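Here is the structure we will look at.
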Number of protein chains: 2
Amino acid sequence: MGAGSRYDNEVLSALRRGDRFRSCQEVHALIADARGGPARPPSLSTVYRTLHRLAREGEVDAIHSEEGERLYRRCATSSHHHLLCRACGRAREVPHAREVRAVLARVERLTGFAELSYSLEFSGVCPDCD
Amino acid sequence: MGAGSRYDNEVLSALRRGDRFRSCQEVHALIADARGGPARPPSLSTVYRTLHRLAREGEVDAIHSEEGERLYRRCATSSHHHLLCRACGRAREVPHAREVRAVLARVERLTGFAELSYSLEFSGVCPDCD
DNA sequence: AAGGTTATGATAACCGTTTTCATTTTGACA
DNA sequence: TGTCAAAATGAAAACGGTTATCATAACCTT
Ligand SMILES: [Mn+2]
Ligand SMILES: [Mn+2]
Ligand SMILES: [Zn+2]
Ligand SMILES: [Zn+2]
């Protein structure tokens, strides 16, 4: 199966450093940093390709920043929402909100739309930044 | 007051043509189309500037498409969510979901985050496309 | 080791958006 | 109504993130 990249592990472990969504270029820089020695890091192209594939495969979550940049994060497999600190950027996962089920049913009934899906994201100021 | 542009009306009326979020370039083309004659349409720069300002002033809603493009729409003033048809792109407003209040309170209690805000968007297949 | 397949790196192309700046338009006021 | 400063506009360049291209390198499989 897997048409995996030789850098999957380094990309994923860069994403695990710190609780935040990271851009492709940040991931690239993190990998370069993690290599103290003369070892050559993957090219930016490869990091773009790897993140793109990992997102398609569902290994990482992807969102768009307010500025349109694409950000990635390694997340739990269970259904969850994201909560981002507007001050420091830290991200938390919060458990799926059951209430959404009723809202979806109502929207479906009200509008006649089918195959409804949704996206629910939170932001706030984390305890450290407050 | 307003540091308004001379094209505000044309931009807003372009946004009112059809129930969909539109990109800046689409708005620009719509304005050009709406002028049959030899009248010169505003430049793309001006449309970008005008939409940017209208969004800041709250006159129009802005979202990011899945591809990162910025899309604008003239919306009702009351609190609402968006429901987009994945097939034809049509957008509807659905009334604010009261259940969100309880979810926010729970997330706040659970995480210690303050000043919570959220975004809740829906998509589906509209009756015409179904 | 040979040959075909896939991944990689360097670079250019892409594309939506913002910046720049010279020019035009506007509006306040004499 | 003429004057002039302030604001808006258009054209073009710059920007920044992302994708496409393509020659080279690494990787199998036999
Ligand atoms: Mn997630
Ligand atoms: Mn709206
Ligand atoms: Zn914080
Ligand atoms: Zn539809």
Side-chain angles (χ1 to χ4, degrees), chain A residues 1-15 20-35 37-57 59-73 84 89 91, chain B residues 1-15 20-35 37-57 59-73 84 89 91:
Chain A
M1 44 170 63
S5 148
R6 133 175 130 224
Y7 294 107
D8 281 22
N9 288 334
E10 267 174 299
V11 167
L12 290 171
S13 101
L15 283 180
R20 46 172 67 245
F21 281 82
R22 319 222 83 136
S23 71
C24 181
Q25 314 209 26
E26 284 177 316
V27 170
H28 182 253
L30 285 169
I31 293 175
D33 285 352
R35 304 191 164 199
R40 251 247 270 23
S43 71
L44 195 49
S45 301
T46 295
V47 179
Y48 270 110
R49 280 188 285 242
T50 302
L51 284 170
H52 190 274
R53 178 177 44 78
L54 290 174
R56 177 165 31 89
E57 295 171 353
E59 292 296 309
V60 301
D61 279 13
I63 62 175
H64 279 92
S65 74
E66 211 51 51
E67 298 79 33
E69 209 177 9
R70 203 134 45 205
L71 305 178
Y72 299 91
R73 183 167 193 263
L84 276 62
Chain B
M1 49 169 61
S5 149
R6 136 177 129 223
Y7 295 107
D8 282 21
N9 288 333
E10 267 173 299
V11 167
L12 289 172
S13 100
L15 283 180
R20 45 173 66 246
F21 281 82
R22 318 221 85 134
S23 71
C24 181
Q25 313 210 27
E26 283 177 316
V27 170
H28 182 252
L30 285 169
I31 294 176
D33 285 351
R35 305 191 162 198
R40 252 248 268 24
S43 71
L44 196 50
S45 303
T46 295
V47 180
Y48 270 110
R49 280 187 286 240
T50 302
L51 284 169
H52 190 273
R53 178 177 43 78
L54 290 173
R56 177 165 31 90
E57 295 171 352
E59 292 295 309
V60 302
D61 279 13
I63 63 175
H64 279 91
S65 75
E66 210 52 50
E67 298 79 33
E69 208 177 11
R70 203 132 48 205
L71 304 178
Y72 299 91
R73 183 167 193 262
L84 276 63

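This is a predicted model, so every value here is computed, not measured. Letters A, B, ... mirror the listed sequences (proteins, then strands); counts begin at 1.
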Checklist entry - Are the side chain of A:R73 and the backbone N or O of A:A91 linked by a donor-acceptor pair below 3.5 Å? => result yes

Checklist entry - What's the CD-P distance between B:E66 and C:dG16, to the nearest Å? => result 16 Å

Item to check | Electrostatic pair A:E10:A:R35 at N-O distance under 4.0 angstrom | outcome: yes

Checklist entry - Does C:dT25 have OP1 or OP2 sitting under 4.0 Å from an N or O in the side chain of B:Y7? => result no

Checklist entry - In whole Å, what is the span from the CG atom of A:D8 to the P atom of C:dA7? => result 11 Å

Next on the checklist: If you assign B:R6 and B:L71 each to the DNA chain C nucleotide with the nearest heavy atom, which residue ends up on the more 5' nucleotide?
Outcome noted: B:L71

Checklist entry - Separation of B:R22 atom CZ from C:dG16 atom C1', in whole Å? => result 17 Å

Item to check | Reported CZ-to-CD distance for the pair A:F21 and A:E69, which is rounded to 0.5 angstrom | outcome: 13.0 Å

Item to check | Closest to the A:Q25 side chain, choosing from D:dT9, D:dG17, C:dG16 | outcome: D:dG17

Checklist entry - If every non-hydrogen atom of A:T46 is compared with every non-hydrogen atom of A:S5, which pair is closest and at what distance? => result CG2-OG, 4.4 Å

Checklist outcome for this item: In terms of heavy-atom contacts, B:C24 and B:L51 come closest through CA-CD1, 3.7 Å

Next on the checklist: Counting only side-chain nitrogens and oxygens, does B:Y48 get under 4.0 Å of the OP1 or OP2 atom of C:dC15?
Outcome noted: no

Item to check | Length of the NE2-C1' vector between B:H28 and C:dC15, whole Å | outcome: 16 Å

Next on the checklist: With the threshold set at under 4.0 Å for non-hydrogen atoms, list the residues of residues 39-47 of chain A touching DNA chain D in residue-number order.
Outcome noted: A:S45

Item to check | Closest nucleotide among D:dT18, D:dT9, D:dT21 to the A:R49 side chain | outcome: D:dT21

Checklist entry - Do other residues, nucleotides or ligands put more than 12 heavy atoms under 6.0 Å from the NE2 atom of B:H64? => result yes

Checklist entry - D:dG17 P sits how many Å from B:E67 CD, rounded? => result 19 Å

Checklist entry - Just how far, in rounded Å, is C1' of D:dT19 from CZ of A:R53? => result 16 Å

